[in-house]
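Just so you know, ligand 1 is whichever comes first in the structure, and atom 1 is the first atom listed for that ligand.
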Amino acid sequence: MRVLITGGTGVLGRELAKRLRDRAEVRILTRSHRAEPGFVRGDLETGESLAEAIAGVDAIAHCASAVDYRRPWRDVAQTRRLLEALGDARPHLVYVSIVGADKVPVGFLRAKLESEQVIEASGSAWTVLRATEFHDLILRFLTPMARGPVAVVPRGALLQPVEVGEVADRVAGLVMGPPAGRVRDLGGPQVVPMEELMRTYLKVAGRRRRVLAIPLPGRLGAIAGVGDDLVAADGDRGEMTFEEYLRSRTGVDGSIAHRYSE
Ligand SMILES: NC(=O)c1ccc[n+]([C@@H]2O[C@H](COP(=O)([O-])OP(=O)(O)OC[C@H]3O[C@@H](n4cnc5c(N)ncnc54)[C@H](OP(=O)(O)O)[C@@H]3O)[C@@H](O)[C@H]2O)c1
């Protein structure tokens with residue numbers, strides 16, 4: 001079995017590739033020049049080399065994202081470009097979306113929903129998994145918020161961070177299995193407000209700060225206003241808590257290593 005992973009150099013994609021390499025021939029799409037075997041250069045934004053990257057694959061795990069919160073529709077355009085490049089080929093498409101995509105009227109979540117819909121209407125065999133936010137993303141948000149004398153966080157949203165390795169386990173199983181349509185959502189083991197996540201972060205990082213939860217303007221504020229819409233209420237639950245994740249990423253010098261900067 002041959003599998004193409006778009007976004008295979010990203011946080012989820014790297015974990016997924018590790019899990020698939022023993023089970024399939026893995027090809028990773030990237031915009032960068034990588035000399036190692038298994039990487040193919042291509043660009044979902046321009047369409048460059050996509051046809052070559054796709055040739056002969058049985059399944060595609062579509063994990064790439066432009067991560068452009070100002071222009072979230074770029075992800076939809078990239079998904080369309082991937083589908084156009086397929087021509088008559090019909091590999092199994094596995095797409096990783098976000099819990100709340102159908103509920104929260106924020107641009108990047110709307111774009112996830114639209115990408116799902118584009119895939120579902122494509123005529124390809126497909127599987128869509130919605131996951132909650134990865135621990136790594138929460139850490140990325142919290143780190144700058146904890147720099148000042150008071151750690152200010154948006155008030156309101158309930159979050160359910162999940163370990164990306166557990167998401168990768170699930171995606172690997174889906175890629176190796178038959179097309180399954182929308183599968184059960186996957187979230188982390190705990191549903192918690194942002195201020196609790198901040199307190200956990202400060203405790204593990206060994207910093208003393210007052211935590212202030214306030215209504216915030218802008219994108220973060222809009223997300224904070226969603227209540228429990230980002231929670232996988234009826235979904236499956238992973239096992240690793242945010243605190244366990246932070247401790248697993250803490251070095252002997254007390255610093256917490258970010259996967260996004262690897
Ligand atoms: N992060 C979360 O909390 C979370 C939660 C639920 C679902 N998801 C979804 O899971 C997926 C993976 O998220 P992630 O956080 O692991 O992503 P990430 O680490 O930000 O990685 C983004 C990936 O997209 C690739 N990419 C970006 N633009 C590209 C282009 N024009 N052509 C080809 N590849 C391109 C990058 O590859 P190169 O730079 O090598 O080209 C990189 O591998 C996304 O669809 C995301 O929406 C994320």
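- Leu142 has its side chain within reach of Met194: a pair of non-hydrogen atoms, C-beta onward, lies under 4.5 Å apart.
- Of the candidates Leu82, Val162, Thr9, Thr9 brings a heavy atom nearest to atom 37 (O) of ligand 1.
- Of the protein's non-hydrogen atoms, the one nearest atom 45 (O) of ligand 1 is Lys112 NZ, 2.7 Å.
- Atoms of ligand 1 found under 4.0 Å from any heavy atom of Thr132, numbered from 1 in the order shown, are 5 (C), 6 (C).
- With ligand atoms numbered from 1 in the order given, ligand 1 contributes 16 (O), 19 (O) to contacts under 4.0 Å with heavy atoms of Val11.
- Short contacts between ligand 1 and Glu45, defined as distances under 4.0 Å to a heavy atom of the residue, involve ligand atoms 31 (N).
- When only modelled atom types and interatomic distance are considered, Asp75 and Ser65 share a side-chain donor-acceptor pair under 3.5 Å.
- Remark: of the listed residues Val183, Ile98, Leu113, Leu113 is the sole one forming a side-chain contact (heavy atoms from CB on, under 4.5 Å) with Arg130.
- For the residue pair Thr241/Gln190, the side-chain donor-acceptor check at 3.5 Å is not satisfied.
- In summary, Asp43 and Arg81 do not engage in a salt bridge, as defined by a charged side-chain N under 4.0 Å from a carboxylate O.
- Considering backbone and side-chain N/O atoms, Ser97 never comes within less than 3.5 Å of an N/O atom of ligand 1.
- Only the side chain of Gln78 comes within 4.0 Å of ligand 1, judged by heavy-atom distances.
- Heavy atoms only, all atoms of each residue included: Ala61 and Leu16 are closest at CB-CD2, 3.6 Å.
- Some N or O of Leu44 is nearer than 3.5 Å to an N or O of ligand 1, by distance alone.
- By the 3.5 Å distance cut-off applied to N or O atoms, Leu12 is counted among the residues near ligand 1.
- For ligand 1, the atoms lying closer than 4.0 Å to a non-hydrogen atom of Asp43 are 30 (C), 31 (N), 32 (N).
- When the heavy-atom distances from atom 9 (C) of ligand 1 to Val96, Ile5, Ile28, Leu16 are ranked, the shortest goes to Val96.
- Between Gly10 and ligand 1, at least one N/O pair is under 3.5 Å apart.
- Salt bridge Glu45/Arg31: absent, no basic N to carboxylate O contact under 4.0 Å.
- Close contacts between ligand 1 and Thr30 involve ligand atoms 38 (P), 40 (O), 41 (O) [criterion: under 4.0 Å to a heavy atom].
- Scanning the protein for heavy atoms near atom 14 (P) of ligand 1, the closest one is Tyr260 OH, 4.0 Å.
- Under the 4.5 Å side-chain criterion, counting only non-hydrogen atoms from C-beta, Val171 is not in contact with Glu15.
- The aromatic rings of Phe242 and His135 lie tilted to each other, with the angle between the two planes from 30° to 60°.
- By the 3.5 Å distance cut-off applied to N or O atoms, Phe134 is counted among the residues near ligand 1.
- Here the side chains of His62 and Val96 are not in contact, with every heavy-atom distance at 4.5 Å or above.
- Set against the non-hydrogen atoms of Glu133, the atoms of ligand 1 under 4.0 Å away are 3 (O), 5 (C).
- Atom 39 (O) of ligand 1 has as its closest protein heavy atom Arg31 NH2, 2.7 Å.
- Proximity of Arg130 to ligand 1, defined as any heavy-atom pair under 4.0 Å, is not found for any part of the residue.
- The ligand atoms of ligand 1 that sit less than 4.0 angstrom from a heavy atom of Val67 are 20 (O).
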